[in-house]
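Throughout, a chain's letter reflects where its sequence line sits, starting with A, and its residues are numbered from 1.
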Amino acid sequence: MTLTKLENPFTFKRALVVNVVKEAPDTNTYIIKLNETYTANPGQFNMIYVYGLGEIPISLSNLPEHRGTYTLVNHTIRIVGAVTRAVMLHVGAGSQVGVRGPYGNGWPMREIEGRDIVIVAGGIGMAPLRPVIKYIENNRERYGRVNILYGARNPELLLYKYELNKYTVIPNTKLLLSSDIPAEGWLHYVGFVTDLINYVDVDLKNAIALVCGPEIMMKVAIKNLLKKGFKNEDIFISMERRMRCGIGVCGTCQFGHYFICKDGPVFRYSDIEEYFWVEGI
Amino acid sequence: MKSPLTLVEGEGSVVIIEREGYVDRVFYEITEAPRFFEYIVRGKSPELVVDFVSRVCGLCGVSYTFLAAKAFEKCLNIEVDSDVEEFREILHLAERVKSHALHVFLMNLPEITKTRSFSELAERNPKVVKNAFNIISYSRKLMRVFGGRFHNVVNIKIGGVYFTPSRDDVEKLRNEINGIFKSLTELADIILSFKSSIHLAISKPQLCVYAEKSYSHHGEKVVLDNAIYTTEAFYRNIVNVVQKEYSTALQYRVKGSESFIVGPVSRFNRYYDRLHSEVKDLLNTYNWRPPLSVFEGYIARIAELYDALLTIREYLENYKYRDIVSVKNTVEYKSANNVCEYAVEAPRGVLYHRYVLGKDCKIVECDIVTPTAQNLAVMEDIATQLTRGKRALEETIAIAKSVAIAFDPCISCSVHTLPVKVINFNKQS
Amino acid sequence: MIKVPELQQVKLYAGKLSDLERVMEYLRQRFNGATFMGYKLQNSMPVFGEINSLSDMPIRVSDIQRPGYYELIAGYRFRLSYASPKWYLLPPEHSILKVSPDYEFVDSTNNSLANKVVMFGIKSCDLNAIAVLDAILIGKHPIYTKKRSSVIAIIIEECLEPAETCFCSITGTGPTVLKGYDLAYARLDEDTVIFKAGSTLGEEIIKATGLREAVQEQVKSYYNAVERAMSIMSTRLPHLEEIQKALRRNVINEKLWKTLSEKCTGCGNCNYVCPTCFCVEIVDRVEESYTTRTALWTACCTYTYGLVAGGHFRRDLYMRYRHFILHKFLFYPKQTGGLLGCVGCGRCTTWCPLGLDLKETLVKVVEEVR
Amino acid sequence: MIRVLVAKLTSCSGCLNEVIYALTHSDIRAKYNVTYFTEVLNVDKISNAELAFIEGSITTKHQEEFLKNLRSQVEFLIALGTCALMGGVQSLRLEGNIEDVKKTIYPEPRYIDILSEVKPVDSVVKVDFAIPGCPINGDALVSFLRKYALGGLPVAIYETVCSECKRKNIPCIIVTQKSPCLGPITISGCGALCPQFGRGCYGCYGLKFFDITREKINALLDRLVELKVDEGNLKAILLAYSFKLYSKLKESRC
């Protein structure tokens, strides 16, 4: 065995938070400066470390932006636990964090070239799909029609409100928004985002769907997509589990025989169908 | 007039009863809620009780546990190996170190140094604080190695102990102890040079556990001034639990009237000769010798702390590791005598337990007499003596509080002291 | 499953316990400064740790194992203890990183090169467990990789009599070894030891220690013992294929898993003692001027497994118990390229404080299909 | 500096001593300003603070009011120890009628002004964080204070004593010594103290509140009774250190 010189994969890069954008009452986007040329595929994630408190897997919520000697990456974080709470309350512009990654496979951007695309995002699930939209915008000719279905519990919780309208000016792109509950001034759909699947405008023979959101929302989305006529192998979803290492050694992110961190987080539905409906697997 | 007690363990208030603007009597109102340990242990097996009673007091749980184990061992005719007994005594002395260290450094030092609190003292003299914490931390290590943790130790059982520490762990403690003596002597220089502002000639009887050769520690007899009694004779015949004229506080008084003192001062005054010569030499430097007054309890505590550490050092230096193959957890009970009683010198004074066992060897009756409960009468007597006839001003309260701090009542453990109901006389503010 | 004829191609040598001591001595000289790791008696309990001589090892005891029961008696049939090579290769707590408040690394955990380690007297199931851990962790987990790379020789002790909780012949992981070892030995009786070489190093040892080839009778009784051990274990469980098939068919049988895990308290003992369980939780231990990122063994049967901030992916205990079983028999093979996650050592059963028997669970799953 | 209140209800002060231990760390002293702690501070009134540590259970009306008032003055309240979380050993008095209990000890029971119940802290006010133990593990408190000062909280890991026991390389007490041990159903945090000392866990950190049902407790108790342990003793221990939870689980039996 000649692996004694294995680099410690748990070391991270020191990074500076350069800006914080308020997205929703409990959600911010952190723009983090990495002093290197850093690349990542849409749908991949980083492990973000906060001193003394722990590390959390957070997907990149934008394409990495190269600026000469450094790169800006975006992470959208919502308060759910001890570490995210600390990030929200104590990490601001000028703070340091540790970053290692990118990890995971990301969305199959190559494979889906030439296809019509339906993006279904619920709540914070928009974060890993936003780079997909940006990627398509940058490479518009490589993809077919794009339908973006995005919903949240209420309009206030929608992320990236400041740029959602810009998606509609991307050629051949349709944006459908929803709010679970009625709200003042809300002119879009009231109901679940998964209902919007009925209104997609794609060539079903050549369409794929990218889905991310809460587990229950993804389940309904898959049912509706299948009903609509999507094939098992044309639906991709991004999954979540407890995750500690990001590199397939801590074992805590197992989903059936998959490690979400290295085999996922994006899965082709046909690959995980046998586990997907088994509660608690 | 009423003011909460601070710098004592547990919850209580000073109550000053005034007549025509002058102090008539002083009470200590115990607002600490009772926990009914004497009731709780009924119907339980002795081995459970040994762990339960540790919960009476977070400061002196070893005293409780050790005492309960001893009481049951005696009445159940259980022999304890002498090495094991010595080990338990060391654990008990470690507790004396811990309790005295917490008391002197956290409660007395601010008073001695005229600081409002320990953190204020830390700002003024970080070295004092460092030394104090060194000793507290060391006592914690002692407790952990010998007993498992700082309080509610898990190592004492009827018939012995569960575990003996490895030579390595003991060696680590031994390596550290000389540094602790250094911290202690540095602190002692500050504390021993302090003279209490309250001067009071000792005139109250003093009680401690009778010791044949050693310093007062644990046993079946107590000594009140010069009279030696069995615990049974003392607690059933000599001392009476009385109700006061205008309060319902349970108080322990000799023959129903005279209050008495338990605690480090009593022990020191009686067994001074048996302290290590190093301790006496140190005390001599500052001209301290018996009798100490109750306001000089901090001197007795420093002496006992030093003495206990010296005994512990000897033990650490000669530690013979013996693997105490754990005797089955359940002891075979062959009740020889259904009354189990014993006394231990807890840090604050004589602690006495009495259990009556039923046929199935479960407890049917229990009596726990704590040091604080015994001292309450004398605390009130002394506080009243010092303040009666004075104007009931803040200073008077301060004196009454000082009496409380001097006695270091561990109110949490006041297993049965009744809350005092104050009878209002005229003009009570 | 290992077939006896396969074994018969290996040349056997015979010696005494004193020869085993000479083997150890030879290795000590051959790998100067090497640490010997294996089962050793400590406070009358076999643990996994550093061995200094044969007398440290549990050579004069036999273990009695039943569900929730372990006892040592005088004898020469030591099988297993709760500990396994995992205790060395993936320690219960290991620091993975030390960080200062400025996000600087205080020291790197990979600086020092590991010592040379000889695994001595580990069992066939243990060897298979190491192969499983290798498949998951090597080249990825820094501590495991470092420790694993330090192993320069593996000496196996084969069991010729299974404990009551053993079923390695069902999982195809014992009682004898075919590959992946340097030298293997088995104790025919109290003093007779049969040796076989599994590598050139093994051959070298045999040559250097002057071991004689086993006589016909010894060879025969060795194979008889192996066959007998396998035949005893074969009665304990159905064929592996049948177990796996039944498990696959019952993945969604919620009621069954609830019944099977009825008495499980979720304490995690089965996971911790399992030689192939590798899951860790990573925590920050904050000190005054730095924090240590520490990996701690975690267990899929405990509540933490599947818990995330704001939700739980395996809220009910039966889901986690099911994962434990499915992982061993269905998921590991997919994660490791074919290796079963269960090596048939029975530790999970012996060391379950409630005495839950894995074999019983598997039998019930199979019965459910039948 | 983070302002802190430390208060005690019905209890033994053992957990408070762990607070004192935590304050022996200079980095913690540098970040926290204790403004109320009658045991070590000559201050008798509470004032606004960010944090409050509460030891003990509620057994008087006065304590209930005190606690509610305190809660209104702090942002984050931490319940310390078995008394605050489960009621504590004193809950065993609830096995009897309160008036009878008083009578067995006090000649004048009418003066004993206490509630008939023993209330854990969370039954009266909102608890933001809990540290279990009888007493709590001082190192857990130190860890909490350090993480809180960094702006976060310890990440929750729900385990039993067995986890700590195995990680400490201690062979199972039940399996090897046939000794009773409540480890499999007791919440972790003590560092497997009793097994380290060669005795079974007696559950002083309290029953785990997750994954636990009456059936599972009974499964363990049945197993321990096989080892010739007095079931009554086991139940008394469970009540003593896990009153809130165990009495509830016991009720669900009928």
Taking every heavy-atom pair that is under 4.5 Å apart, which of [options] has the most such pairs with chain B?
options: Ile237(D), Val101(D), Val118(D), Ile114(D); result: Val101(D)
options: Gly138(D), Cys15(D), Cys134(D); result: Cys134(D)
options: Ser57(D), Gly88(D), Pro135(D); result: Pro135(D)
options: Leu94(D), Leu92(D), Val34(D), Ile20(D); result: Leu92(D)
options: Thr59(D), Val89(D), Asn233(D); result: Asn233(D)

Side chain, backbone, both or neither: which part of [X] has a heavy atom under 4.5 Å from chain D?
X: Asp51(B); value: both
X: Val41(B); value: neither
X: Lys362(B); value: side chain

Mind checking the [atom1]-[atom2] spacing from [X] to [Y]? Nearest 0.5 Å is all I need.
X: Phe37(B); Y: Cys12(D); atom1: CZ; atom2: SG; result: 7.5 Å
X: Ser11(D); Y: Arg35(B); atom1: OG; atom2: CZ; result: 6.5 Å
X: Ser26(D); Y: Lys130(B); atom1: OG; atom2: NZ; result: 9.5 Å

Non-hydrogen atoms of [X] and [Y] that approach each other most closely:
X: Thr104(D); Y: Tyr39(B); result: OG1-CD1, 3.7 Å
X: Pro34(B); Y: Thr10(D); result: O-CG2, 4.5 Å
X: Cys204(D); Y: Arg149(B); result: SG-NH2, 3.2 Å
X: Gly14(D); Y: His151(B); result: O-NE2, 2.7 Å
X: Phe36(B); Y: Lys102(D); result: CE2-CA, 4.0 Å

Can you list, pair by pair, the side-chain donor-acceptor contacts under 3.5 Å of residues 189-197 of chain D, counting residues two or more places apart and other chains?
none

So, using salt bridge (Lys or Arg N to Asp or Glu O under 4.0 Å) as the criterion, who are the partners of Arg42(B) when residues are at least two apart? none

Does any backbone or side-chain atom of [X] lie under 4.5 Å from a heavy atom of chain B? Answer side chain, backbone, both or neither.
X: Cys83(D); value: neither
X: Leu115(D); value: neither
X: Arg29(D); value: side chain

Would you say that Tyr202(D) contacts Leu48(B) through its side chain, given a criterion of any heavy-atom pair below 4.5 Å between the two side chains? no

Ser13(D) versus Leu59(B): any side-chain heavy-atom pair under 4.5 Å? no

Determine the sole option in Val40(D), Leu23(D), Asn17(D) for which the side-chain contact (heavy atoms from CB on, under 4.5 Å) test with Leu106(B) is passed. Val40(D)

Quick one: do Glu18(D) and Arg140(B) make a salt bridge, cutoff under 4.0 Å? yes

Looking at Glu95(D) and Lys44(B), does any basic side-chain N land under 4.0 Å from a carboxylate oxygen? yes

Taking atom NZ of Lys114(B) as the centre, does the number of heavy atoms from other residues, nucleotides or ligands within less than 6.0 Å exceed 12? yes

